[in-house]
Engineer: 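Below: one structure in structure tokens.
Note: hydrogens, waters and symmetry copies are ignored here, and every other heavy atom, side chains too, is used. One is the number of the first residue; the rest follow in order along the sequence. Atoms within a ligand are numbered from 1 in the order they appear, just like the ligands themselves.
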Amino acid sequence: MDVLPKVVSVSILAMEALKGRVSPSLKFYNQLVEDLKMEWAGHNGEKALIYPLSQLENNKYLIFHGLRLQGDGYTVQLDVYLISLYFSLILEAKNWAGEVCFKKNPKQVVRIVNDVTQGMPNPVEQVKMQQHNIKKWLVDNQLPSIPIEGYAVFGSSTIVTIEKGYYEAEKFICKTDCLYSTIRKMETLYKTPVLTHEKLHEIKTQLLEKNTPLIKNLYEHYRFERSVIITGVRCPQCLVLGMKYKRKQWCCACGCNSKNAHIQALRDYLLLFGPAISNREMRWFLHLPSKSITSKLIAEVKLEKVGSTRKARYKLPWDLVYSTSFKSEKKV
Ligand SMILES: [Zn+2]
């Protein structure tokens, strides 16, 4: 059962929002495009785990995707975490292209892509560190201890070789197509429940409550000023920014009219500037003609007011990030 389903991370969405609102001639643009490629590859690697996990007995496991927990001086970030009454399991998705070799002496991981050999961070050590940290996190939060297994899971197209005698790599490495059978095999090793249903529920509640998704500060990361961000409402048809608000609808030079094209712009605002917006900021970002029209739109979107009347700001809900209204938008 997916308790924390797989979604596109806020970081990816914010980077996409940024990419769509800056000029490609800016210095950091190419880096942003490259980083996005990596992020999407990671996302797709994690998505590849969904099918084998969906084949498991439905109510046996609680499945958390993209869990991020903070402890005192450490962070636990898990692509997938499964918990049952019997054991728990960390899965680290590795969507690596090419051939990957786990060398024993010294312990190292080498990747070969297009005849280029490259040293990589060792997924075995990464999984071990995560096991250590989640164990510590459970103790720090006064939660019951539970066996913690872990795998780095490589996509079926990656060629993985493990040097003879590197037993830890054999223990911690798995391929996507073997994941289901590996978990089923593990079930035969853990036959006695170590948790009650109440304790399992307690762990689930704590994990969901303390999950803190990473929101990368893009301004610091790419070192740019807010002024480089191109404002305006994007046309859902021709995708050009700068629709005009006339008679309660958005009009584009291409002839497209829309009643709710501002939703996507507000979503970009939330991702790029954070969850609070004033009347003035909304007027600036959406290119609205007056304060009163902006107020009407704020009322229509039903934004919650925060602060005193003079300095009032409005709360943009994080749900907006996963809003599908833009996609299902009907042209008028
Ligand atoms: Zn247009």
Side-chain angles (χ1 to χ4, degrees), residues 7-37 39-40 43-44 215-216 218-219 222 224-303 313-332:
V7 288
V8 179
S9 70
V10 172
S11 278
I12 292 187
L13 294 172
M15 287 161 81
E16 286 288 357
L18 180 63
K19 184 176 157 234
R21 287 186 177 270
V22 290
S23 161
S25 64
L26 287 175
K27 257 189 195 167
F28 69 87
Y29 188 85
N30 288 344
Q31 185 60 51
L32 174 65
V33 172
E34 282 307 307
D35 291 349
L36 262 168
K37 267 189 209 162
E39 293 279 344
W40 279 115
H43 173 82
N44 291 333
I215 300 172
K216 210 190 265 178
L218 297 176
Y219 299 94
Y222 294 109
F224 64 92
E225 297 293 325
R226 285 165 183 245
S227 57
V228 303
I229 290 174
I230 304 163
T231 56
V233 169
R234 191 181 301 278
C235 169
Q237 189 164 282
C238 72
L239 305 179
V240 168
L241 284 165
M243 292 187 100
K244 289 194 168 54
Y245 196 63
K246 289 178 202 162
R247 291 182 293 278
K248 293 188 177 177
Q249 64 179 0
W250 296 96
C251 310
C252 178
C254 78
C256 172
N257 294 328
S258 159
K259 285 271 188 205
N260 56 0
H262 54 277
I263 299 293
Q264 181 71 7
L266 288 174
R267 180 177 173 272
D268 283 357
Y269 187 95
L270 167 65
L271 288 164
L272 297 171
F273 298 101
I277 192 165
S278 67
N279 183 300
R280 181 192 285 267
E281 286 161 342
M282 197 188 286
R283 235 182 306 158
W284 161 73
F285 197 70
L286 304 189
H287 300 180
L288 284 161
S290 71
K291 190 177 175 181
S292 61
I293 287 175
T294 309
S295 296
K296 278 182 194 161
L297 204 60
I298 288 172
E300 198 187 295
V301 187
K302 296 190 179 80
L303 296 183
R313 298 190 93 201
Y314 301 86
K315 203 169 150 189
L316 294 166
W318 280 105
D319 294 359
L320 197 61
V321 165
Y322 296 107
S323 153
T324 53
S325 60
F326 186 63
K327 285 178 199 155
S328 59
E329 177 174 276
K330 288 189 185 75
K331 282 175 216 122
V332 289

Engineer: Could you tell me if the side chain of Tyr219 sits less than 4.5 Å from the side chain of Ile229, heavy atoms only?
Structural biologist: yes

Engineer: Mind checking what makes side-chain hydrogen bond (donor to acceptor under 3.5 Å, both in side chains) contact with Lys37, not counting sequence neighbours?
Structural biologist: Glu34

Engineer: Name all residues meeting the side-chain hydrogen bond (donor to acceptor under 3.5 Å, both in side chains) criterion together with Gln31; count only those two or more places apart in sequence or in a different chain, and write none if there are none.
Structural biologist: Asp35

Engineer: Arg21 vs Val228, test: side-chain contact (heavy atoms from CB on, under 4.5 Å). Steps then yes/no.
Structural biologist: CA-CA 8 Å; Arg21 287 186 177 270; Val228 303; over 6 Å; no

Engineer: Are there any protein N/O/S atoms under 2.8 Å from the Zn ion (ligand 1), and if so, which?
Structural biologist: Cys235 SG, Cys238 SG, Cys252 SG, Cys254 SG

Engineer: Can you check whether Pro275's main-chain N or O pairs, donor with acceptor, with Tyr269's side chain at less than 3.5 Å?
Structural biologist: no

Engineer: With Glu16, which residues qualify under side-chain hydrogen bond (donor to acceptor under 3.5 Å, both in side chains), at least two apart?
Structural biologist: Trp40

